[in-house]
Amino acid sequence: MIKQEKLLITSSNLIAKDTVELILKNNHISQNAKPGQFIHIQLDGFTLRRPISIADVDQEHGKITILFKTFGNGTKKLATYQTGQTINALGPLGNGFVYSDVKDKKALLIGGGIGVPPLYHLGKRLVESNIEVISILGYQTAESVFYEAEFKSLGDTYVVTDDGTYGYQGKVTDVIPEVDQFDIYYTCGPTPMLRAVQEKLENVNGYVSLEERMGCGVGACFACVVATKDDTGYKKICQDGPVFNAKEVRL
Ligand code: FES
């Protein structure tokens, strides 16, 4: 059963341009969260909840990490919350990344902007499962770059910026040819980026995480649907996803 949880803020940091990292203490969510899952935050004074993916989990200390960009009223308000305050959220929600069948293989993680965080939690679990990890991380500009060192601790990491002020200049898909053979890919980011990755890697097994459009977050409102590739209908991002097999959904 999904029930509302209280999460205690134990740390709040601005880690890049308009990008806030919150570390939150909650036993239920930290013990149960799988890579790719999200929490749905209820802020005082806002009707709609905000879905935010889980970027890291520290089971030993009962903590999770979330990252978000402050581009709307809700996230701007969340950025004002201080250590010691609590927030209410449902979670962990959704179906996460599938990786039980990729043992002894090489995985490529491709993240764009605020789609980067859930790939960090995934990357850590992959490395623990002896899966080699290579990451391509795309950002708008040098000031927007975050978690580069964290991803480098998992494996080779390529950073790309739109304006070339840091790392490679261009799109994440421009860097894919630099990566040696890989067996599977996992990607999260803006829909145009996901579409470009899906097209470029159409012959490779992969998973995409979609999180942009959501209402209720628990399968009741149909605000979050995505069409299936075989045109047989729609899937709910909040309940059937947010992670889908790349061959399953039309972006
Ligand atoms: Fe309501 Fe998915 S957000 S059904």
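Remember, it's 1-based here, ligands and their atoms both numbered in the order they're listed.
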*Asks:* Could you list which atoms of ligand 1 come closer than 4.0 Å to a heavy atom of Gly217?
*Replies:* 1 (Fe), 3 (S)
*Asks:* Once the angle between the rings of Tyr158 and Tyr168 is folded into 0 to 90°, is it parallel (under 30°), tilted (30 to 60°) or perpendicular (over 60°)?
*Replies:* tilted
*Asks:* Among Gly219, Gly215, Gly94, Pro242, which residue places a heavy atom closest to atom 3 (S) of ligand 1?
*Replies:* Gly215
*Asks:* What distance separates Asp58 CG from Ile23 CD1, expressed to the nearest 0.5 Å?
*Replies:* 8.5 Å
*Asks:* Got the closest protein heavy atom to atom 4 (S) of ligand 1, with its distance?
*Replies:* Phe222 N, 3.2 Å
*Asks:* Any N/O/S atom, side chain or main chain, of Cys216 closer to atom 2 (Fe) of ligand 1 than 2.8 Å?
*Replies:* no
*Asks:* What are the atoms of ligand 1, with element, lying closer than 4.0 Å to any heavy atom of Cys221?
*Replies:* 1 (Fe), 3 (S), 4 (S)
*Asks:* Salt-bridge test for Lys235 and Glu248: reply yes if a basic N is under 4.0 Å from a carboxylate O, no otherwise.
*Replies:* yes
*Asks:* For Gln140, I'd like to know if atom CD has over 12 heavy atoms of other residues, nucleotides or ligands within 6.0 Å.
*Replies:* no
*Asks:* Which atoms of ligand 1 have any heavy atom of Cys238 under 4.0 Å away?
*Replies:* 2 (Fe), 3 (S), 4 (S)
*Asks:* So, 2.8 Å as the limit: is an N/O/S atom of Cys224 located closer than that to atom 1 (Fe) of ligand 1?
*Replies:* no
*Asks:* State plainly whether the residues Arg195 and Glu199 are in salt-bridge range, i.e. N to O under 4.0 Å.
*Replies:* no
*Asks:* Quick one: CG on Leu126 to CD on Glu132, what's the gap to the nearest 0.5 Å?
*Replies:* 11.5 Å
